[in-house]
Protein chains: 2
Amino acid sequence: MEFFQEQAVTSSDKAFFRLRKEIVEGVIPSGSKLSETELSTKYQVSRAVVREAINRLEACNIVERRANVGARVVSLSPEGLIELYQVRESLEGMAARLAAQHMSAQEITDLNALLNSQSHEVKSAELYYQEAGDLDFHYRIILGSKNSHLISMLVNGLYHLVRMYRVQLGMAGPRVTSAFDEHKHIVQAISNRDPELAEMLMRRHITYSKNNIEAKLQNSL
Amino acid sequence: MEFFQEQAVTSSDKAFFRLRKEIVEGVIPSGSKLSETELSTKYQVSRAVVREAINRLEACNIVERRANVGARVVSLSPEGLIELYQVRESLEGMAARLAAQHMSAQEITDLNALLNSQSHEVKSAELYYQEAGDLDFHYRIILGSKNSHLISMLVNGLYHLVRMYRVQLGMAGPRVTSAFDEHKHIVQAISNRDPELAEMLMRRHITYSKNNIEAKLQNSL
DNA sequence: AACAGGAAGATTGTCGACAATTTAAGTTAT
DNA sequence: ATAACTTAAATTGTCGACAATCTTCCTGTT
């Protein structure tokens with residue numbers, strides 16, 4: 001899966017990645033408490049590294065911590081989802097606009113190639129696309145913006161939360177092909193160096209995505 | 001000064017606030033290295049709390065850390081400033097739009113009152129306005145958006161960086177009164193519950209602000 | 001029976017010491 | 001003299017133990 005490898009050098013990194021993965025995938029349920037001692041025995045590391053990992057997760061808005069009390073995994077709610085997608089719409093719209101201005105010709109070529117390769121998968125009904133392919137697409141555009149703050153906020157901050165909502169609500173939906181068409185239009189706008197259109201299409205794309213996941217949320221709650 | 005009191009409960013909190021303050025105000029110069037041992041003796045606390053404070057500063061994008069090497073205060077650059085104001089324009093524009101929708105009547109009344117009180121200060125040429133008053137204004141609108149992600153990103157993330165640029169470039173400029181007029185128009189749009197106009201005015205306001213600080217940066221570099 | 005106060009247990013916060021890694025200096029060989 | 005290797009110093013990463021705080025349960029009083 002992972003296209004952009006965050007490589008773990010320190011022990012805290014490993015704990016952070018593992019903990020994040022387990023939370024996003026629901027192995028550790030949302031809303032549950034994170035005990036430092038418990039996790040340190042489970043992961044076979046000292047409490048200090050678990051503590052550091054939890055602190056990082058707090059910075060990602062994946063856990064909430066209260067001083068002298070402890071940390072809890074955030075709980076998913078319709079309001080939280082809406083807030084999340086509101087900022088995502090704004091930030092990714094901006095990313096698409098900047099990408100149309102700043103992506104190199106090579107990067108745009110690669111992006112088109114990615115879409116072509118995914119085209120086959122979509123036709124052959126591989127729903128692998130939904131998860132990884134969609135993330136890959138959005139990820140490249142975010143990087144294409146060349147804005148480090150934007151990249152940091154989206155990649156380190158919001159995206160794991162987005163994935164958390166998706167995974168835990170079981171997103172294998174009928175939106176695969178239509179989302180793919182939207183991706184195509186966005187790439188076309190970027191290829192034409194049309195920032196305004198790219199932003200608008202991206203915002204719309206994310207709004208659709210929000211509506212889709214929102215409907216799922218209604219059912220599963 | 002501080003309108004929104006972040007109260008320090010733990011020892012790490014205090015270290016974090018103090019360190020952030022010293023960095024933002026340039027007491028610790030940008031680009032310099034942060035030695036954990038050095039700071040722990042200087043602050044009279046253990047290395048663990050300094051370490052935790054530095055980790056939090058990293059999450060704010062105020063320091064950059066490399067594993068097994070150490071942390072450095074970020075260095076200010078024209079590119080960094082532009083990137084910062086790009087996202088600020090997008091996020092605060094969004095905040096203004098949401099504020100026009102979600103602020104309570106009471107909050108809007110308070111906002112108008114704030115502007116009236118500042119009107120006197122501006123006329124009496126108190127340049128106190130520039131720093132605290134401007135921050136207070138923007139801060140209220142951000143909170144008025146009622147979007148927790150947005151609030152977190154701006155308040156915990158970007159704003160201290162913005163202040164860092166301002167303080168270290170010595171922002172006592174001729175923009176005081178014109179900025180005040182822009183604030184007035186924005187509040188008017190919010191009072192009229194006009195989200196689109198509020199967003200547009202806020203984006204323009206921040207663009208002006210960027211141009212202003214950008215000119216300063218040209219001179220002082 | 002309900003509520004306030006206080007001990008006991010558990011959890012987080014802080015500390016100093018040790019281990020691992022990087023950086024710098026010093027030495028040797030080409 | 002330069003380059004590569006080795007070694008030593010300094011810095012960061014990790015650990016286990018102790019201190020402070022919160023939570024829970026128990027006791028006693030109204």
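Letters A, B, ... are given to chains in the order of the sequence lines, protein chains preceding strands, and every chain is numbered from 1.
- For A:Arg51, the listed nucleotide lying nearest its side chain is C:dG13; candidates were D:dC22, C:dG13, D:dT12.
- Not one side-chain nitrogen or oxygen of A:Lys14 sits closer than 4.0 Å to the OP1 or OP2 atom of D:dG13.
- Scanning for salt bridge (Lys or Arg N to Asp or Glu O under 4.0 Å) contacts around B:Lys21 gives B:Glu25, with sequence neighbours left out.
- For the pair A:Ala67 and B:Arg65, nearest-nucleotide mapping onto DNA chain D gives the more 5' position to B:Arg65.
- For the pair A:Glu58 CD and C:dT12 C1', the interatomic distance rounds to 13 Å; values are reported in whole Å.
- Taking side-chain N and O atoms only, B:Thr10 has a distance below 4.0 Å to OP1 or OP2 of C:dT14.
- B:Ile54 has its CD1 atom 13 Å from the C1' atom of D:dG13, to the nearest Å.
- Using a cut-off of 4.0 Å between Lys/Arg side-chain N and Asp/Glu carboxylate O, B:Glu22 and B:Arg18 are scored as salt-bridged.
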Just do the side-chain hydrogen bond (donor to acceptor under 3.5 Å, both in side chains) check on B:Ser90 and A:Ser90 with the steps written out, would you? CA-CA 7 Å; B:Ser90 179; A:Ser90 179; 3.0 Å; yes

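- For the pair A:Glu38 CD and C:dA10 P, the computed distance is 14 Å after rounding to whole Å.
- Within the structure, the salt bridge (Lys or Arg N to Asp or Glu O under 4.0 Å) test picks out the following pairs touching residues 77-97 of chain A (sequence neighbours left out): A:Arg88-A:Glu92, A:Glu89-A:Arg203, A:Arg97-A:Glu199.
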Short heteroatom pairs, N/O only, protein and nucleotides 15-21 of chain C, under 3.5 Å:
unit_1 : atom_1 : unit_2  : atom_2 : d
C:dC15 : OP2    : B:Ser46 : N      : 2.8
C:dC15 : OP2    : B:Ser46 : OG     : 3.4

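- B:Glu64 CD: 12 or fewer foreign heavy atoms inside a 6.0 Å radius.
- Contact annotation: A:Ser12 reaches the phosphate of D:dT14 (side-chain N/O to OP1 or OP2, under 4.0 Å).
- Remark: the backbone N or O of A:Thr37 is not paired with any side-chain donor or acceptor of A:Arg47 at under 3.5 angstrom.
- For the salt bridge (Lys or Arg N to Asp or Glu O under 4.0 Å) test, no residue two or more places apart in sequence or in another chain qualifies with B:Lys33.
- Ion pair A:Arg166/A:Asp134 flagged as a salt bridge, since at least one NZ, NE, NH1 or NH2 atom sits closer than 4.0 Å to an Asp/Glu carboxylate oxygen.
- Computed from C1' positions of five pairs at each end, the angle between the two local axes of the helix from C:dA1-D:dT30 to C:dT30-D:dA1 equals 10°, rounded to 10 degrees.
- Within the 4.5 Å cutoff, the side chain of B:Phe16 has no heavy atoms near those of the B:Ile54 side chain.
- Regarding A:Lys33, its NZ atom lies at a distance of 10 Å from the P atom of D:dT23, rounded to whole Å.
- Summarising the geometry, the separation between CG on A:Asn55 and C1' on C:dT12 is reported as 12 Å, rounded to the nearest angstrom.
- Looking at B:Glu107, its side chain never comes within 3.5 Å of a backbone N or O of B:Gly144 through a donor-acceptor pair.
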Hey, what are the protein-to-nucleotides 6-10 of chain D N/O distances that come in under 3.5 Å?
none

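- Between A:Arg56 and B:Glu52, none of the side-chain N atoms (NZ, or NE/NH1/NH2) sits under 4.0 Å from a carboxylate O, so this pair counts as no salt bridge.
- Atom CD in B:Glu36 sits about 15 Å away from atom P in C:dT22, given to the nearest Å.
- Here C:dT23 presents its C1' atom at 11 Å from CZ of B:Arg66, a figure rounded to the nearest Å.
- Salt bridge A:Arg20/A:Glu6: present, at least one basic N to carboxylate O contact under 4.0 Å.
- Rounded to whole angstrom, the span from the CD atom of A:Glu52 across to the P atom of C:dG13 amounts to 14 Å.
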